[in-house]
Amino acid sequence: ICFPKDYTIISSIKGDLHNGCWQAKDQIQGDLAFYLKKTNGFKSLGSYNFEIMTDMADGLEADQIAVEITKRMQKFAEDFFGNLSNQYILIDSEFYSQNPIVGFDLLLNTLRPIPKHVQFELKATQVLIRKLVQSKFPENYRQNRWLADGLSHYLFMRYVETYFPELRLIGNLTEFLLLSTYEFAQAPFAAKTNLQAAFVYRRNLAQPLLTPSQDLTKYNRKIALRSRSAMGIKILEETESKEQIDTFIFNLFTGKNNVNPLTIQDHFELVFKDRAKWFYEGYCTDNELTDYEIRQIGKSDNQVQIELTNHTKAQNPIRVNSYSKQQLVSSVWLPGGIEKQRLSFDQTQVDKIVLNPDQLVLEINTNNNNISLNNSFTKRARRFRLFEDIPSSHYAATYIAPNFTYNAYDGVLFGMLIHNGLMLRQPTTLFFSPQYGNKEMSLSGSFSIRQRSYFQEKKLASISYGFGAES
């Protein structure tokens, strides 16, 4: 590659300059990416046997921190992709921007709740993992993109869990007392995976994981499908073990057999036998809107009988936790594909049961996922909140917020908004807004209840119907 003298070339592989022309040191395998720049904003980080070239390290000042970061990145990547010694990798902002960490940059550019060196490490690691997955994926990448993108997202979240276990969804903002009790403040950083997938799932706009890329909507292609795929892999990790998942991923990216290459299904069966069939035969093809329900069906002496209903007979396993005074007593994964299953609990040992507690399984409604075994007025636990929170399987939520408006007839209207959640859709939405006008000295307001019905594999995704009143 020849170029003018006042430009600098930054390439994805190492090369040498000869008489104003750049030439690769080794044979080019795969795609070659390069930049020609008058002002070079890239810098080299790392050690003699693992080097990254990046334009994303503007806020990284200390060389020692940069070395520690690249060592962590190399160690983690080698656990899944094999030996990376003497590797040179381009970590560029252009590649990052194609699939950024959703919502991350908006949060950083406004409130800046995460230190700069952590920001760089998370972004650089995400790029590194995506590039390694793309370059080392054993089969047709485009045909199996649902799995490749899911593995990229899963491994990135594993990195966060390994090196930043205390990182929360909203970063250091969780330290604010006003926010600290909310689910979005307590949730780990990985909770964004569920929220990204649930956004379209609860609107009945999700598509099966095996849908060809050209047929996917933009949101599903860039965000939702990789999140759903990663959640499925996470369920495999929980039901099998991290060691088996690690073995599966390592074999997938390092196993070489040019004579009789293994298919993706072969790799699954090699590690999990037929215990992963629910994932590659059911989970990645199914698109039904799942809803689980748990209820008490009987009681004798201190034993309480609980029935779990899988309304769509979803194939994936589901977790059931039991608690006593907010402390975990037991946790068990139940098999999928069964409409009704029954369990028995000792009421002297357990006072609450929660289905799908971590929401690793997408549902259109989580308000029927918990049951209290004490003698409380209601069998479902409920919380009242000022600000809208993210849905939780542990509690149904009611949100109460102040509401002030003005009009010429009533003057200043003082009141409140009461609803059961508007951010992520649910089948039934309740909205109540009483107000008092200081000019007419009278009460006014509005009330509505809306029910949604969803349709699968039809042009019409849903119908909303309900009634309301306003004065």
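All values below were derived from every heavy atom in this structure, side-chain atoms included, with hydrogens, water molecules and symmetry-related copies excluded. Just so we're clear, the structure is a prediction, and the values are computed from it rather than from any experiment. Sequence positions, counted from 1, serve as the residue numbers for this chain.
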Heavy atoms, side chains only, cut-off 4.5 Å: are [X] and [Y] in contact?
X: T70; Y: I52; value: yes
X: I364; Y: T290; value: no
X: D149; Y: Y141; value: yes
X: E363; Y: T366; value: yes
X: V118; Y: F164; value: yes
X: H311; Y: E339; value: no
X: Q196; Y: R228; value: no
X: S331; Y: E238; value: no

Check whether any side-chain N or O of [X] sits under 3.5 Å from a backbone N or O of [Y] as a donor-acceptor pair, and report yes or no.
X: K222; Y: Q98; answer: yes
X: D301; Y: Q303; answer: no
X: T54; Y: I91; answer: yes
X: Q244; Y: E237; answer: no
X: Q359; Y: P391; answer: yes

Before giving the answer on ring pair (Phe, Tyr, Trp, His ring centres under 6.0 Å), spell out for F414 and F404 the whole-Å C-alpha distance, their side-chain angles and the decisive distance to 0.1 Å.
CA-CA 5 Å; F414 303 90; F404 303 103; 5.8 Å; yes

Which of parallel (below 30°), tilted (30 to 60°) and perpendicular (above 60°) describes [X] and [Y]?
X: F76; Y: Y163; answer: perpendicular
X: F432; Y: F447; answer: perpendicular
X: H419; Y: F431; answer: parallel

Which residues satisfy the side chain to side chain donor-acceptor pair (under 3.5 Å) test with T239, sequence neighbours excluded?
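Per chain and number, T239 pairs via side chain to side chain donor-acceptor pair (under 3.5 Å) with no residue.
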
Is it true that atom [atom1] of [X] has more than 12 heavy atoms of other residues, nucleotides or ligands lying nearer than 6.0 Å?
X: Y465; atom1: OH; answer: yes
X: R221; atom1: CZ; answer: yes
X: F455; atom1: CZ; answer: yes
X: D215; atom1: CG; answer: yes
X: K340; atom1: NZ; answer: yes

Would you call [X] and [Y] a salt bridge, using N to O less than 4.0 angstrom?
X: D246; Y: K242; value: no
X: R383; Y: E183; value: yes
X: D358; Y: R319; value: yes
X: K71; Y: E68; value: no

Go through the steps for V133 and F81 under the test side chain to side chain contact (heavy atoms under 4.5 Å, CB included), then give the verdict.
CA-CA 8 Å; V133 168; F81 300 98; 3.7 Å; yes

If we check side-chain contact (heavy atoms from CB on, under 4.5 Å) with I353, which of these qualifies: L308, V304, V320?
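Testing each of L308, V304, V320 against I353, the sole residue satisfying side-chain contact (heavy atoms from CB on, under 4.5 Å) is V320.
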
Can you see which heavy atom on R142 is nearest to which on S213, and at what distance?
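The answer is O-OG, 4.4 Å.
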
What heavy-atom pair brings I129 and S152 nearest, and what distance separates the two atoms?
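Answer, listing the atom of I129 first, then S152: CG2-O, 3.7 Å.
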
For [Y], does the six-membered ring have the charged nitrogen or CZ of [X] within the cation-pi criterion, i.e. under 6.0 angstrom from the centroid and within 45° of the normal?
X: K131; Y: F95; result: yes
X: K192; Y: F189; result: yes
X: R385; Y: F387; result: no

Determine, stepwise, if the pair F268 / F279 fulfils ring pair (Phe, Tyr, Trp, His ring centres under 6.0 Å).
CA-CA 10 Å; F268 275 111; F279 179 71; 5.6 Å; yes

Evaluate Q305 against R295 for side chain to side chain contact (heavy atoms under 4.5 Å, CB included), listing each step before the verdict.
CA-CA 9 Å; Q305 286 75 47; R295 64 189 183 96; over 6 Å; no

Would you please test F384 and Y399 for ring pair (Phe, Tyr, Trp, His ring centres under 6.0 Å) and show each step?
CA-CA 6 Å; F384 293 89; Y399 305 108; 9.6 Å; no

Please step through side-chain hydrogen bond (donor to acceptor under 3.5 Å, both in side chains) for the pair N287 and Y201, ending with a clear verdict.
CA-CA 9 Å; N287 201 42; Y201 191 82; over 6 Å; no

